[in-house]
Undergrad: 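Here's a structure for you.
Each chain gets a letter, A, B and so on, in the order its sequence line appears, and its residues count up from 1.
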Number of protein chains: 2
Amino acid sequence: MGMATTNPATRDRILEHGLDLLSAVGLSGVTLGVLAADVGMSKSGLFAHFRSKEAVQLALLRQMAQLANAVVVAPALEQPPGLARLTTLVENWLGWSRKAGLRGGCPVAAALFELDDIDGDVRAEVVAMEGRWRELLKALVCEAVASRELSVDLDVDQFVWELCGIYLSHHASSRFLRDPGADRRALTAFEALLRRAQGPWPRGPSPPLSAPEEQ
Amino acid sequence: MGMATTNPATRDRILEHGLDLLSAVGLSGVTLGVLAADVGMSKSGLFAHFRSKEAVQLALLRQMAQLANAVVVAPALEQPPGLARLTTLVENWLGWSRKAGLRGGCPVAAALFELDDIDGDVRAEVVAMEGRWRELLKALVCEAVASRELSVDLDVDQFVWELCGIYLSHHASSRFLRDPGADRRALTAFEALLRRAQGPWPRGPSPPLSAPEEQ
DNA sequence: ATTAAGTACGACCGGTCGTACTATTTGCCA
DNA sequence: TGGCAAATAGTACGACCGGTCGTACTTAAT
């Protein structure tokens, strides 16, 4: 049974270009014709690799998850569990699509608002991805609680919820409003969130954790 | 039968249906054919009221601003300046599109992530609207500072930035993830934001976290 | 050498898109 | 009651949509 000319290579090439396109124009903007032209092949030739447009969209989403895992999660996991790992993840998370070489924003963030009311397999996949992502965040926060760097009384779900708000606000201000101060705003908000999570009741001087860093 | 209602009535009817449609399917989902069918008239008959699709989109955005002003801003302005006015605005803001009778989410929130990288007049209009909205938020926060209900040392822009994050996180969790606890999470986050804004280092007796409160 | 599978192409399907141009209806006023 | 301008409908267009078809070429297993 033959594999022929360039099976996995072409498919990967499609997904690579497609992910870049997706980040720039969103799910509804990725059409078979535009993607094929971008890759440099015919629409039907591209179509042969997937059996439907929906399959293309799902493959692109999984491709994105893989990329995000490599550039955001993996480096964080090299840090020791606890605050160091968590802050590394957040620093890599903010604006990750640009750092990963994509020309647009985070496709999941866009899908969160694009697929509000549009049911289907694609929506379900994004729901699952977002759920897994928040579970990961929660796990890292719990590690920081276990290491006593965050308070044992912390409402972890609330922490994660607010952290997602910081990410979304950063996305909106940096990518849509194009505010150059977005990184600083996000970092300030994250530090405040951490400080609040370090103890419901006060301690002496607030430790200046979270090193300078960030452009 | 033919009551024919002159120009403005039909146009208003188009915008009314169109705004509902916009909130459900986003800017790219509002097509002339679908909108015309929704209103119950022909595509060309509808088209005659606007000279282009872009004009329809811009009119819909302005229609939305008008509605939001009526259901979110106006009630808040009946409150006295300060914390009362600010919290009333925030309470009306969260999930406002549903309260206003729209079947979908906030069109501007969606546009924030849909028009990331798509330049043009529509994007410019959304940028302007979002800018005006944040100025309004800032003004109300400043009123609360003036009335000494918030600290004079408060970084107002940072406050507004984080408040927008709460709004976006609430939108994502309530409309996309369909988490029934979204309202509570948002309110908790807002209370924490307020507490932090009430004094740079005030925390006298450990305050009992969030008061019972909440609708 | 034959066969079968994989890959890619160009032509094409019915449909919808936005947008023109033309008809027809409608309400109002002389 | 006739006429008129505005409002709506009708029709047509080129472009693009997702998707199918027939076909040719390449490769791998028989």
Undergrad: Rounding to an integer number of Å, can you tell me how far Gln57(B) CD sits from dC17(C) P?
TA: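 Going from CD in Gln57(B) over to P in dC17(C) covers 13 Å.
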
Undergrad: Gly40(B) or Val30(A): which one's nearest nucleotide on DNA chain D is closer to the 5' end?
TA: Gly40(B)

Undergrad: Among Leu67(B), Leu35(B), Leu60(B), find the residue that satisfies the side chain to side chain contact (heavy atoms under 4.5 Å, CB included) test when tested with Leu15(B).
TA: Leu60(B)

Undergrad: Rounded to whole angstroms, how far apart are CD on Glu54(B) and P on dC17(C)?
TA: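 Rounding to the nearest Å, CD of Glu54(B) and P of dC17(C) are 18 Å apart.
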
Undergrad: Of the listed nucleotides (dT19(C), dC17(D), dG19(D)), which one gets closest to any side-chain atom of Lys53(A)?
TA: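 The answer is dG19(D).
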
Undergrad: Is Ser42(A) close enough to dG10(C) that one of its side-chain N or O atoms is under 4.0 Å from OP1 or OP2 there?
TA: no

Undergrad: Using a cut-off of less than 4.0 Å, is there contact between a side-chain N or O of Thr10(B) and OP1 or OP2 of dT8(D)?
TA: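 Yes, within the criterion.
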
Undergrad: Please indicate whether Arg51(A) has more than 12 foreign heavy atoms, meaning atoms of other residues, nucleotides or ligands, lying under 6.0 Å from its CZ.
TA: no

Undergrad: Give the rounded distance in Å between these two atoms: CZ of Phe47(A) and C1' of dG10(C).
TA: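 Those two atoms, CZ and C1', are 16 Å apart.
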
Undergrad: Mind checking whether Trp93(B) and Tyr167(B) have parallel, tilted or perpendicular rings, split at 30° and 60°?
TA: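 Ring orientation, 0 to 90° scale: parallel.
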
Undergrad: Between Asp12(B) (CG) and dA7(D) (C1'), how many Å, whole number?
TA: 15 Å

Undergrad: Please state whether the base of dG10(C) and the side chain of Lys43(A) form at least one donor-acceptor pair under 3.5 Å?
TA: no

Undergrad: Check this one for me: any side-chain N or O of His49(B) less than 4.0 Å away from OP1 or OP2 of dT8(D)?
TA: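 The answer is yes; a side-chain N or O of His49(B) sits under 4.0 Å from OP1 or OP2.
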
Undergrad: Checking contacts here: which listed nucleotide (dC17(C), dG10(D), dC21(D)) is nearest the side-chain heavy atoms of Val34(B)?
TA: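 In terms of side-chain proximity for Val34(B), the closest of dC17(C), dG10(D), dC21(D) is dC17(C).
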
Undergrad: side-chain hydrogen bond (donor to acceptor under 3.5 Å, both in side chains), that's the test. Do Glu149(A) and Ser147(A) meet it? Break it down for me.
TA: CA-CA 5 Å; Glu149(A) 290 168 295; Ser147(A) 66; 2.6 Å; yes

Undergrad: Write down the distance between CE (Met41(B)) and P (dT8(D)), rounded to a whole number of angstrom.
TA: 5 Å

Undergrad: Rounded to whole Å, please give me the gap between CG in Leu46(A) and C1' in dC17(D).
TA: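 In whole Å, dC17(D) C1' lies 14 Å from Leu46(A) CG.
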
Undergrad: Checking all strands, does Ser44(A) fall into the base, sugar-phosphate, or nothing category for heavy-atom contacts under 4.0 angstrom?
TA: base

Undergrad: Please name the residue in the list Glu191(B), Glu162(B), Gln158(B) that meets the side chain to side chain donor-acceptor pair (under 3.5 Å) test with Arg196(B).
TA: Glu162(B)

Undergrad: Rounded off to whole Å, could you give me the CZ-to-C1' distance for the Phe50(A) and dT20(D) pair?
TA: 18 Å

Undergrad: Tell me: CZ of Arg51(B) to C1' of dC21(C), nearest whole Å?
TA: 16 Å

Undergrad: Could you tell me whether Leu32(B) contacts a base, only the sugar-phosphate backbone, or nothing, with contacts defined as non-hydrogen atoms closer than 4.0 Å?
TA: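 Leu32(B): base contact, heavy atoms under 4.0 Å.
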
